[in-house]
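See below for the structure under consideration.
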Protein chains: 2
Amino acid sequence: MPANPQVPEPTIIRLSAYLRALRRLEADEAERASSATIAERAGVSPEQVRKDLSYFGEFGRAGLGYGVPELRRHLARLLRADRELRVVVLGVGRLGAALLGYRGFAERGFRIVGAFDADPEKVGMRLGPHVIMDVQHLPYVVVELGAEIGILALPPEAAQQGTDLLVAAGLRAILSFAPTPITVPAGVTVRHMDMTRELEVLAYYLPE
Amino acid sequence: MPANPQVPEPTIIRLSAYLRALRRLEADEAERASSATIAERAGVSPEQVRKDLSYFGEFGRAGLGYGVPELRRHLARLLRADRELRVVVLGVGRLGAALLGYRGFAERGFRIVGAFDADPEKVGMRLGPHVIMDVQHLPYVVVELGAEIGILALPPEAAQQGTDLLVAAGLRAILSFAPTPITVPAGVTVRHMDMTRELEVLAYYLPE
DNA sequence: GTTTGTGAATGAGTTCACAGCA
DNA sequence: TGCTGTGAACTCATTCACAAAC
């Protein structure tokens, strides 16, 4: 499923943190940064930074560190953060509606180009700049507006069906907020966000 | 930091999925379930289920599988899902406000007992059943209402300071939505939810 | 002196495979 | 026969440690 299977997935996750660190360094007008500097801001070890970056090339110079704008550009390219990525949201309940209003998307280059629901009551409703569309228009919007990522915000009972719709519409990347496993064909990447799971994990580690 | 350091963290995360699977099985009135049944509903392998459960005891019977209500109770106890857990939210911007309205909390035994912000404009505002309080009342609420988990919904610049407030108030578990690493003293557990990170990871795996 | 890139060593977690119980 | 519990084998990821580059 990964584009480059020999790169560990944890590395990809950290890349996102490195990119953030480099943006801050660039904002502070730093020209160069050592792996130690980046590591500190990303919350990992310097060796980890070097090892992770080494999967993609030799970006640094011994004794000098990494060129901040250059490395920032490389990482942005890897994470597709150098271009706008279009996103559709399937499921406009409370959670989906909250996501539609989330400003962090635009700031980081993600643009919501469609919000969908199967409930006829909701179709046609306006939510900020978005008009809720019927799911049957999903494939059209994906193709015509070039959406590449689907956000699944449906209740667990509807999660698999919704997933199938996203996949049938041509999406190859799904961020699911449904607290249930979903199955997808090879070539489709899924990631889960599950607040209840996180709270339960925290609860486990609670003292007493 | 873990309560039981020899149990792998991925195991704890899966425990949450097993608990969900068992609740569904219980709702379906299943009396027994094999590791294969649980595994399927949790999206993992049967061996994984058995190994994970074996860290906590011998709950199954060879040839018969696991007793559904019994195992459900065991897992609920482990994840503290057998009692109400009180939660405070620090930061009532868009995201924090959305979290205050999230119904999944109550359903799973989490109760928001306080919403806090440092902005005097926001203090005193009502949001559903919640009245935003000033951060200076945080320690009081944590102690008096027995809050055990803090949700951090502040912008990255304020994240560390907010973390320090939560820790100083006596909280030992933090769920952070801030896209930046935070440092906490030993004995405090932190987990992160970062939607932008997840989207960037998905973007990496996008074809072409 | 500083800092990178990377093989080698270590550590962590998963899967295998099977003995033993129901 | 069906299924658990678990050491052993294996796979995956991180950390170490150092030669080479600046």
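Quick note on labels: first sequence line is chain A, next is B, and so on, each numbered from 1.
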Please report, rounded to the nearest Å, how far the [atom2] atom of [N] is from the [atom1] atom of [X].
X: B:F59; N: C:dC21; atom1: CZ; atom2: P; result: 20 Å
X: A:E9; N: D:dA13; atom1: CD; atom2: P; result: 8 Å
X: A:F56; N: C:dT6; atom1: CZ; atom2: C1'; result: 16 Å
X: A:Q48; N: C:dT6; atom1: CD; atom2: P; result: 15 Å
X: A:D52; N: D:dC12; atom1: CG; atom2: C1'; result: 14 Å
X: B:L53; N: C:dT14; atom1: CG; atom2: P; result: 13 Å
X: B:E40; N: D:dC3; atom1: CD; atom2: C1'; result: 17 Å
X: A:I12; N: D:dC12; atom1: CD1; atom2: P; result: 15 Å

Any side-chain heavy atom of [X] sitting closer than 4.5 Å to one from [Y]?
X: B:Q160; Y: B:D164; value: yes
X: B:L22; Y: B:Y66; value: no
X: B:E9; Y: A:Y205; value: yes
X: B:R24; Y: B:R20; value: no
X: A:H130; Y: A:V92; value: no

May I ask you to decide if the ring planes of B:F110 and B:F105 are parallel, tilted or perpendicular, using 30° and 60° as cut-offs?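 Perpendicular: the ring planes of B:F110 and B:F105 meet at over 60°.
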Taking the inter-plane angle between the rings of B:F56 and A:Y204 on a 0 to 90° scale, is it parallel (under 30°), tilted (30 to 60°) or perpendicular (over 60°)?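 Judged by the thresholds at 30° and 60°, the geometry between B:F56 and A:Y204 is perpendicular.
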With sugar-phosphate meaning primed atoms plus P, OP1 and OP2, does A:R14 contact a base, only sugar-phosphate, or nothing at under 4.0 Å between heavy atoms?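 A:R14: backbone/sugar contact only, no base atoms under 4.0 Å.
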Does a side-chain N or O of [X] approach OP1 or OP2 of [N] to a distance below 4.0 Å, or not?
X: A:S35; N: C:dT4; value: yes
X: A:Y55; N: D:dT14; value: no
X: A:S45; N: D:dT15; value: yes

B:R86 side chain to B:L145 backbone, donor-acceptor under 3.5 Å: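 Such a contact is found between B:R86 side chain and B:L145 backbone.
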Per the end-axis method with five pairs at each terminus, what is the bend angle of the helix from C:dG1-D:dC22 to C:dA22-D:dT1, to 10°?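 Answer rounded to 10°: the end axes differ by 0°.
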Of the candidate nucleotides C:dG5, D:dG5, D:dA13, which contains the atom at the shortest distance from the side chain of B:S54?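 Given the options C:dG5, D:dG5, D:dA13, the side chain of B:S54 is closest to D:dG5.
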Between the protein and nucleotides 17-22 of chain D, list every N/O to N/O distance that falls short of 3.5 Å.
unit_1: D:dC22; atom_1: O4'; unit_2: A:A62; atom_2: O; d: 3.1

Below 4.0 angstrom, N of the basic side chain to O of the carboxylate: do B:E200 and A:R108 qualify?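 Answer for the salt bridge query: yes.
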Using heavy-atom distances to pick each residue's nearest nucleotide on DNA chain D, tell me which of A:K51 and B:G65 is more 5'.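 Looking at the nearest nucleotide for each, B:G65 comes out on the 5' side.
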